[in-house]
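Here the structure is laid out as structure tokens; the discussion comes afterwards.
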Amino acid sequence: MTRSPVVLITGSSRGIGAATALYFAKQGYSVCINYKTDESSARLVAEKIRMFGVKTEIFKADVSYEPDVLALFLFIDEIFGRLDVLVNNAGILKGQMTLLEMDAERINYILSTNITSAFLCSREALKRMENGGSIVNVSSAAAKTGSPNEYIDYAASKGAMDTFTIGLAKEVASTGIRVNSVRPGLIYTDMHSDGGEKDRVDRLKSKLPLGRGGTPEEVAAAIYFLASEHASFTTGSFVDVAGGL
Ligand code: NAP
């Protein structure tokens, strides 16, 4: 069994997940990196993490697909032998459009990737957190704005994530497991290209009270805080990392 605490970060080959993986590694955590398609980026994150002298491995799994989730957690059992922190970070959006243009295939793809995944991974994590642990869900400021004319399906998936955080936090509080969430907004990552607007953060940043976009590292710091003992009396809570939005 790995002696150092172990964190699983879903979708940690790129963006906020990759920054979070590095952040935990710097604090001495062993890190299980998960990706869906981009193996070379996942390998690059692992190479950087090994420079901190901690254990890390990559595992390909679509976390919205139950058999992949089961395989991912069996891999953690075999390779790390424990799990202390789960970060439900994997999330996607699709091209900007109104509801009138959306079909069921798209809506279900967004919901299963962004919220079914968190249910499945949290269920498997809880089974392994017999001595307590911490789950941090990556939601979005979109849960509050609703993202009209861009992607209300994505925003609704994050609203569901917020309700999931509140419910699960209360459900497992007596077992010593804390469940919290960060709500980022306008962070410089590849995700905005998936929505068809690579420079979206720069277009909108002046509307934020802080007047700039955020970095993945700023989100990682908030995730780490919530997972750590610094937040030992905090559960069912939200930290907005969205420049004042
Ligand atoms: P990103 O740069 O596009 O990275 C997405 C990550 O998720 C990648 O590692 C990707 O893996 C992985 N992924 C996607 N679908 C997956 C699946 N089914 N199973 C496993 N992994 C999967 O996105 P990001 O901006 O860092 O977003 C991370 C989280 O922050 C998301 O939940 C997002 O909703 C949230 N967020 C982001 C912003 C923002 O402004 N960027 C704002 C609010 C909230 P591959 O590399 O293999 O594709």
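In listed order, ligands and their atoms are each counted from 1.
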Give me the residue, atom name and distance of the protein heavy atom closest to atom 48 (O) of ligand 1. Arg14 NH2, 2.9 Å
Distance-only donor-acceptor check, side chains Ser4 and Ser30, under 3.5 Å: yes
Heavy-atom proximity to atom 45 (P) of ligand 1 ranks first, among Ser13, Ala141, Pro216, for Ser13
Lys/Arg-Asp/Glu bridge criterion (N-O < 4.0 Å) met for Asp153, Lys94: no
Can you list the atoms of ligand 1 that are under 4.0 Å from a heavy atom of Ala61? 19 (N), 20 (C)
Which atom pair, heavy atoms only, marks the closest approach of Thr56 to Arg50? O-NH2, 3.1 Å
Between Leu186 and ligand 1, which part of the residue brings a heavy atom under 4.0 Å of the ligand: side chain, backbone, both or neither? backbone
Judged by modelled atom types alone, do Ser12 and Asn89 share a side-chain donor-acceptor pair under 3.5 Å? no
Heavy atom of Glu39, distance to ligand 1 below 4.0 Å: no
Give the residue, atom name and distance (to 0.1 Å) of the protein heavy atom nearest atom 28 (C) of ligand 1. Asn89 OD1, 3.2 Å
Could you list which atoms of ligand 1 come closer than 4.0 Å to a heavy atom of Ile16? 26 (O), 30 (O), 37 (C)
For Lys144, is there an ion pair with Asp162 - N to carboxylate O distance below 4.0 angstrom? no
One thing to verify: whether Glu124 and Lys127 come together as a salt bridge, which I'm taking to mean a side-chain N less than 4.0 angstrom from a carboxylate O. yes
Hey, is Glu47 close enough to Arg43 for a salt bridge, meaning N to O under 4.0 Å? no
Using a cut-off of 6.0 Å, state whether more than 12 heavy atoms not belonging to Tyr65 lie near its atom OH. no
Part of Ile92 within contact of ligand 1 (heavy atoms, under 4.0 Å): side chain
Between Glu150 and Arg203, is the closest basic N to carboxylate O distance under 4.0 Å? yes
Tell me the closest heavy-atom pair linking Arg128 and Asp77, and the distance in Å. NE-OD1, 2.8 Å
Give the numbers and elements of all ligand 1 atoms closer than 4.0 Å to a heavy atom of Gly15. 2 (O), 26 (O)
Is there a heavy atom in Arg183 that sits closer than 4.0 Å to ligand 1? no
Can you pull out the closest protein heavy atom to atom 23 (O) of ligand 1? Residue, atom name and distance to 0.1 Å, please. Met191 CB, 3.6 Å
Atom indices of ligand 1, in the order listed, that fall short of 4.0 Å to a heavy atom of Asn34: 20 (C), 21 (N)
Would you mind checking which non-hydrogen protein atom is closest to atom 47 (O) of ligand 1, with the distance to 0.1 Å? Thr37 N, 2.6 Å
I'd like to know if Lys205 pairs up with Asp202 as an ion pair, taking the criterion as any Lys NZ or Arg NE/NH1/NH2 lying under 4.0 Å from an Asp or Glu carboxylate oxygen. yes
Look at ligand 1 and say whether Gly214 reaches it with a heavy atom at a distance under 4.0 Å. no
Check each of Gly91, Ser157, Ala90, Gly17 against atom 5 (C) of ligand 1 and report the one with the nearest heavy atom. Gly91
Shortest protein contact, atom 19 (N) of ligand 1 (heavy atom only): Val63 N, 3.1 Å
Quick one: look up the protein heavy atom nearest atom 35 (C) of ligand 1 and list residue, atom name and how far away it is. Val138 CG1, 3.7 Å
Less than 3.5 Å apart, any donor N or O on the side chain of Asp38 or Ser13 sitting next to an acceptor on the other? no
Do you know which of Thr235, Asn180, Asn137, Asn88 makes side chain to side chain donor-acceptor pair (under 3.5 Å) with Thr165? Asn137
Quick test: of every protein heavy atom, which one is nearest to atom 18 (N) of ligand 1, and how far off is it to 0.1 Å? Asp62 OD1, 2.9 Å
Return yes when Ser139 approaches ligand 1 closer than 4.0 angstrom through a heavy atom, no otherwise. yes
Going by distance only, is there an N or O of Gly185 that falls short of 3.5 Å from an N or O of ligand 1? no
For atom 25 (O) of ligand 1, what's the nearest protein heavy atom and its distance? Thr189 OG1, 2.5 Å
Check each of Ser193, Gly11, Pro184 against atom 43 (C) of ligand 1 and report the one with the nearest heavy atom. Pro184
Relative to ligand 1, is Tyr154 under 4.0 angstrom through side chain, backbone, both or neither, heavy atoms considered? side chain
Take atom CD in Glu101; do more than 12 heavy atoms of anything else shown fall under 6.0 Å from it? yes
